[in-house]
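Read the structure below first, then the notes.
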Amino acid sequence: MSRIAYVNGHYVRHAEAGVHIEDRGYQFADGVYEVCGVRGGKLMDETLHLERLQRSLHELRMEMPMPLPALKHILRETLRRNHVLNGMVYCQVTRGVAPRDHPFPENARPSLVVTAKRLNETRIAVAVTHGVEVVTMPDQRWARRDIKSIALLPNILAKQSAREAGAYEAWLVDEEGFVTEGSSTNAWIVDGEGRLVTRPEGPGILSGITRRVLLQAARSEGIEVVERPFTPQEAKSAREAFISASSAIIIPVIRIDGQAVGNASPGSVTLRLREAYGRFGELS
Ligand code: PLP
């Protein structure tokens with residue numbers, strides 16, 4: 001069965017899908033994206049993802065490619081055509097096709113690409129059961145990490161360095177010595193008093209949808225939450241650590257820069273929160 005992609009008004013075979021060479025996404029990374037988890041054929045926290053998409057577009061003075069109901073229909077149709085039950089749907093909007101020139105083009109229409117793929121459930125299950133290692137490195141990204149821009153070069157370089165170091169994820173550290181987030185995940189610890197600690201929203205991090213739902217879940221579970229930055233040193237001596245993202249929700253972190261976190265196995269608060277997410281994430 002061949003995969004299908006939605007590209008600017010057409011459903012096409014994934015293998016042959018393409019955009020024009022002067023699409024500003026291709027030329028300048030002038031675009032934004034969203035990744036929404038899919039469980040049992042339903043979209044997870046779709047409303048929050050679409051709100052964030054609109055916000056990212058607004059911050060870059062870009063237009064929505066179409067009204068929201070039409071976009072929602074395309075997300076579902078792409079899932080349906082790809083027979084994805086558990087996985088994710090990816091949606092990218094760029095400023096459109098125009099002769100290559102830095103200023104915003106006057107008449108370009110935004111480009112929209114939507115793809116869907118299945119989750120590698122085995123890989124995620126292994127990571128959740130055993131926990132993963134992260135390595136810290138300087139955060140080399142721009143100052144507007146709250147915008148879900150397709151310009152991901154520093155994230156890619158960080159992830160690659162992590163993988164070459166035998167780790168699953170990179171934890172990025174700002175100039176003041178605090179962890180911002182992972183290269184494609186938000187970063188969390190559980191401190192010595194059992195409090196959940198994660199960096200507050202702001203231009204320093206992407207405001208993860210999973211992060212938001214987890215904060216809600218934690219509070220309703222009676223877990224104390226503190227939104228403040230933490231250092232790699234503090235994380236290494238924390239009771240627990242984990243990363244969050246729509247793709248895998250929560251993955252326990254058991255080692256940071258080779259140093260064991262707690263007893264180097266997935267922590268109880270981490271696993272409890274992972275379980276609680278199921279009751280808070282909204283399926284539609
Ligand atoms: N931080 C970064 C840099 C990301 O790229 C992502 C997801 O792609 C996240 C955090 C997690 O965000 P979400 O929970 O919305 O998937």
Side-chain angles (χ1 to χ4, degrees), residues 29 31-39 43-57 59 75 86-93 115-117 119-120 124 127-128 132 134-163 168-174 178-189 196 198-218 227 229-230 241-251 253 270 273-274 276-278 280-283:
V32 302
Y33 74 108
E34 269 303 323
V35 181
C36 192
V38 178
R39 301 289 181 276
L43 291 156
M44 288 190 77
D45 304 315
E46 180 191 25
T47 308
L48 296 176
H49 280 282
L50 291 178
E51 275 171 18
R52 187 172 64 184
L53 176 67
Q54 288 171 287
R55 179 183 182 277
S56 294
L57 288 168
E59 291 301 300
L75 298 180
N86 292 313
M88 42 218 196
V89 62
Y90 175 92
C91 154
Q92 173 169 318
V93 182
T115 56
K117 71 172 184 188
L119 216 58
N120 185 340
I124 291 172
V128 172
V132 298
V134 302
V135 284
T136 60
M137 58 191 76
D139 195 335
Q140 296 182 320
R141 298 174 300 162
W142 72 328
R144 291 301 308 275
R145 301 155 193 156
D146 55 314
I147 299 171
K148 202 161 168 64
S149 148
I150 59 171
L152 290 172
L153 201 46
N155 307 59
I156 290 166
L157 293 174
K159 185 81 89 186
Q160 182 61 21
S161 299
R163 294 294 162 91
Y168 185 90
E169 175 63 303
W171 271 11
L172 308 173
V173 180
D174 67 15
F178 293 103
V179 173
T180 53
E181 59 186 328
S183 68
S184 61
T185 56
N186 286 114
W188 306 70
I189 58 170
L196 196 57
T198 194
R199 191 175 172 114
E201 284 185 326
I205 62 165
L206 181 75
S207 175
I209 302 303
T210 321
R211 176 189 175 282
R212 277 196 237 168
V213 177
L214 283 173
L215 285 174
Q216 241 185 302
E227 291 183 73
F230 58 84
F242 64 89
I243 51 178
S244 69
S246 300
S247 48
I249 310 300
I250 283 186
I251 296 181
V253 169
T270 304
L273 270 174
R274 190 178 158 77
Y277 189 94
F280 283 84
E282 206 179 279
L283 292 170

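Just so you know, ligand 1 is whichever comes first in the structure, and atom 1 is the first atom listed for that ligand. In this chain, numbering begins with 1 at the start of the sequence shown. Note: hydrogens, waters and symmetry copies are ignored here, and every other heavy atom, side chains too, is used.
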Identify all N/O pairs between ligand 1 and the protein with a separation under 3.5 Å and present them as a table of atom names and distances.
residue	atom	partner	partner atom	Å
ligand 1	1 (N)	E181	OE1	2.6
ligand 1	8 (O)	K148	NZ	2.9
ligand 1	14 (O)	I209	N	3.3
ligand 1	14 (O)	T210	N	3.0
ligand 1	14 (O)	T210	OG1	2.6
ligand 1	15 (O)	R52	NH1	2.9
ligand 1	15 (O)	R52	NH2	3.0
ligand 1	15 (O)	I209	N	2.8
ligand 1	16 (O)	S246	N	2.9
ligand 1	16 (O)	S246	OG	2.8

Within 45° cone and under 6.0 Å: R199 NZ/CZ vs F230 ring =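 Here R199 fails the 6.0 Å and 45° test against F230.
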Partners meeting side chain to side chain contact (heavy atoms under 4.5 Å, CB included) with [X] (sequence neighbours left out):
| X | result |
| --- | --- |
| S184 | K159, E169 |
| A245 | T185, S247 |
| N120 | T122, R123 |

Determine, for R212 against E201, whether the closest basic-nitrogen to carboxylate-oxygen distance falls under 4.0 angstrom.
->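 A salt bridge is present here (some side-chain N lies under 4.0 Å from a carboxylate O).
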Might you point out which heavy atoms bring S244 and T210 nearest each other, and give the distance in Å?
->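 Where S244 meets T210 most closely, the heavy atoms are CB-CG2, 4.1 Å.
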